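Okay, so here's the structure we're looking at.
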There are 4 protein chains.
Amino acid sequence: MSCRPPRTPAHRVRRAELAATAYAQVAERGLEGLRVREVAAEAGINHATLIYYFPTKANLVAGVVDHVLGLLVAPAVTPAPQPDQAVMHRLAHELEDIAARLERQPQIFRVLTELQLRGARDAEVGRALARMDDAWTRFLVGMLRSGIDSGELRSDLDADRAAGLLRAVFRGIGLAALRRDDQKPRDLVDEASKMLASWLAARSDR
Amino acid sequence: MSCRPPRTPAHRVRRAELAATAYAQVAERGLEGLRVREVAAEAGINHATLIYYFPTKANLVAGVVDHVLGLLVAPAVTPAPQPDQAVMHRLAHELEDIAARLERQPQIFRVLTELQLRGARDAEVGRALARMDDAWTRFLVGMLRSGIDSGELRSDLDADRAAGLLRAVFRGIGLAALRRDDQKPRDLVDEASKMLASWLAARSDR
Amino acid sequence: MSCRPPRTPAHRVRRAELAATAYAQVAERGLEGLRVREVAAEAGINHATLIYYFPTKANLVAGVVDHVLGLLVAPAVTPAPQPDQAVMHRLAHELEDIAARLERQPQIFRVLTELQLRGARDAEVGRALARMDDAWTRFLVGMLRSGIDSGELRSDLDADRAAGLLRAVFRGIGLAALRRDDQKPRDLVDEASKMLASWLAARSDR
Amino acid sequence: MSCRPPRTPAHRVRRAELAATAYAQVAERGLEGLRVREVAAEAGINHATLIYYFPTKANLVAGVVDHVLGLLVAPAVTPAPQPDQAVMHRLAHELEDIAARLERQPQIFRVLTELQLRGARDAEVGRALARMDDAWTRFLVGMLRSGIDSGELRSDLDADRAAGLLRAVFRGIGLAALRRDDQKPRDLVDEASKMLASWLAARSDR
DNA sequence: TATGAATGAGCTTTCATTCAT
DNA sequence: TATGAATGAAAGCTCATTCAT
């Protein structure tokens, strides 16, 4: 409280490392099971030292939020297609990205859900997630609009409403990570790809 | 612990009431914020009395699970269509049901998500949810199969995979309740209805 | 509090039975582990019914005291020798009695020790035990005096001091029940018999 | 639980002090009346601080056990006689030691009895007491053997059985502390000294 | 920077006891 | 007599946070 820690690069790096450790704990035990002492022990430092970097537990949770958002915007497994490519191709890439995450780091969806639930009661978490959601929505709307304009997508599509549904579909697929014995994420994504194509694509055969 | 209370009808009713109170608390403050004393206070009884009905907190959470499952199988807002009706009609009814819940009791999706997260770490909760999920899956698969057999749905549909995606879509729509300022649930559901139709329905025009 | 239960014979019998049940619980789990509900459950009645017979837990403990004292004065395994028999013979009988109890119902010494510890802090229990102890002391002193008078015991014996030591020896032997893997009670008693003889008996060989 | 406190000398000292406080509480109110909060209050610290040193109540009880054993092996009031002195003299010293404790710190016998009772149900406590008892037995047996070999004690003595009875006698004398209005411990010990002499000593006059 | 020690608010659970029926 | 329901006073324990060094 007296002297806030400096924002040197080394400090930032350390904070990021500790936030990653906290993220791992949340993935394992849930936000409810997050313990300051446990995170510090996992990081091999004294709990008071952790508090030096994150003065309150809320700060630590904010660090976890940052970490998750960082993971989400991180370079996907496959290189992102250019904006000038076909919309259906770009959507397929998004689905591919989700499938890859579901296979390699399913915890991210779990932690994200934990944070969304908390966001409803914690204004700071809520705002951060809302920002991310808005950015995602804008991205989807833009993509859909360009597809509609180019004639690749159905002309009677409402970009805003369609983006809302797209988000719901993606979210729903991500939530499959919460079931243990679910079917292969790959199958789910392949089927979703067909569904979206039949829904969005302009009917060239008419 | 020594002498368990009897299972008289009155006792069951009381337990159900208290579970409902606990459910409301979870909806408001999350599973993490569930407090035995708070639930008792809300119900206007001593906390020890609550423990008389639910000897442990885990029991109380199990009561919340039962309550949620009860809500989910409760008679939907509109009368359920008969199994001999068109599949698309029945699917539309499912969507309608979700929309109605999203408008009238959105907490149910919030609590359900809380329970799913806990289910990953709490075997008892996990089992109960898995049972529900399995029943839902069987229901969807059966519906899709009958549609495929009758020629109403695309003949090349894989009922199991399609049911998996359907579940994901429904789940994703339900999760819209976690966002505060989302678009109208009705719009989301209407759009989803179109999407599912274009995906599942046999192309009579070909 | 309003109406104390009647003292009918049936009532007394029931109280005695319940006290015996409580005694068994104390033997098993200690005075600290005595639970009103547990005793009631063991007796197959509602805990409130037990409270009807023993309005407070202290009453129940008093009942256990009575039960233990009853066991102690109960007809010993072998018929008690007449007061006109040799003192050493009567002492040997006392030792035999302890040995028999150590073999058949060692719990009695355990419970007795529990009660003695409590008696230091609970006036009611303390008084009851003190009465018993006094009676025992008087018995021993009388026996020793008659032996001294008759010339069977050493003439220079101080009956009061000797009785005190006798009590200590008996108590110490009884406490052997608190050790699990102790030597055979029989050996202990036999050895004690020799020790007391060499200490108390008049030296006829001098 | 996560990060156990270090075992620095200062820490050990503090633990010992707190264990002594707990010991005093047990002496005053019994093991049953031992309260973590009460001990902390008596020590002038917050109860959570006490838990910092003794993470569980069982740990605290173990600390009390250690404290008692430490008191028992502590340098007796009078300097311990050398092993080459007469056995009867050494036995007399043991009795003297008990008498001194009975007069100066009678609580030790009370607490010891509490612990013995608990040891029957608490494996950890039981083991610690068994170790002490074994050591004591070995000490007595060794002493008796040397006396028998040197001709100071009766040649027909069975060292093991005699040690068992000796232990019982000592224990019984120690238990005199549980009675409030008992005779002087000194008288008891003097009488016991005579008794043991007549029992153990070789009859030089025969 | 880093740490061990210390703290207070609050949690679930236990249990003897009371009471209306 | 007998019972199920209800209660309040604790109890042990957890944990984020503070602080002196």
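Note: hydrogens, waters and symmetry copies are ignored here, and every other heavy atom, side chains too, is used. In this text, all values refer to a predicted model and were calculated from it rather than measured experimentally. Numbers restart at 1 for each chain; the letters A, B, ... are given by sequence-line order, proteins then strands.
Remark: Gln25(B) pairs with no residue by the side-chain hydrogen bond (donor to acceptor under 3.5 Å, both in side chains) rule, at least two apart or across chains. Arg29(B) meets the salt bridge (charged side-chain N to carboxylate O under 4.0 Å, His left out) test with Glu38(B); sequence neighbours excluded. In this view, Tyr53(D) and His11(D) satisfy the ring-ring contact (aromatic ring centres under 6.0 Å, His included) rule, not counting sequence neighbours. Evaluation of the side-chain contact (heavy atoms from CB on, under 4.5 Å) rule for Arg131(A) yields Arg127(A), Ala128(A) as partners, not counting sequence neighbours. With sequence neighbours excluded, the residues forming a salt bridge (charged side-chain N to carboxylate O under 4.0 Å, His left out) with Arg118(C) are Glu32(D), listed by chain and number.
Look at Tyr53(B) and you'll find a side-chain N or O under 4.0 angstrom from OP1 or OP2 of dA6(F). Under 4.0 angstrom from either OP1 or OP2 of dT7(E) there lies at least one side-chain N or O belonging to Thr49(D). The phosphate of dG8(E) has OP1 or OP2 within less than 4.0 Å of a side-chain N or O from Asn46(D).
Both Lys57(D) and Phe54(A) sit near DNA chain F, but only Lys57(D) has its closest nucleotide nearer the 5' end. Position along DNA chain F of the nearest nucleotide to Thr56(D) versus Ile45(B) favours Ile45(B) as the more 5'-ward residue.
Contact check of residues 10-32 of chain D against DNA chain E (heavy atom, cut-off under 4.0 Å) returns His11(D), Arg14(D). Near-neighbour residues of DNA chain F inside residues 33-41 of chain D, defined by a heavy atom below 4.0 Å, number-ordered: Leu34(D), Arg35(D), Val36(D), Arg37(D).
No side-chain donor-acceptor contact under 3.5 Å links Arg121(A) to the backbone of Gly126(A).
The nearest whole Å value for the distance from the OH atom in Tyr52(B) to the P atom in dA6(F) is 7 Å. The CG-P distance, from Leu50(A) to dC15(F), rounds to 15 Å in whole Å. At whole-Å resolution of the value, CD1 in Ile51(D) and P in dA9(E) are 16 Å apart.
Residues Arg35(C) and Lys57(C) meet the side-chain proximity criterion, which asks for heavy atoms closer than 4.5 Å.
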Residues 59-72 of chain B, side-chain donor-acceptor partners within the protein, below 3.5 Å, at least two apart:
{"residue": "Asn59(B)", "atom": "ND2", "partner": "Thr56(B)", "partner atom": "OG1", "Å": "3.2"}

Would you be so kind as to tabulate the donor-acceptor pairs closer than 3.5 Å made by side chains of residues 17-24 of chain A, with sequence neighbours excluded?
{"residue": "Thr21(A)", "atom": "OG1", "partner": "Glu17(A)", "partner atom": "O", "Å": "3.1"}
{"residue": "Tyr23(A)", "atom": "OH", "partner": "Ile108(A)", "partner atom": "N", "Å": "3.4"}

Nucleotides 19-21 of chain F: which of its N/O atoms have a protein N/O under 3.5 Å away?
none

>> Once pairs are restricted to Watson-Crick or G-U wobble with both distances under 3.5 Å, how does DNA chain F read as a dot-bracket string, [ ] for crossings and | for other-strand pairs?
In response: .||||||||||||||||||||
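At a cut-off of 3.5 angstrom, the base of dT17(F) holds at least one donor-acceptor pair with the side chain of His47(A).
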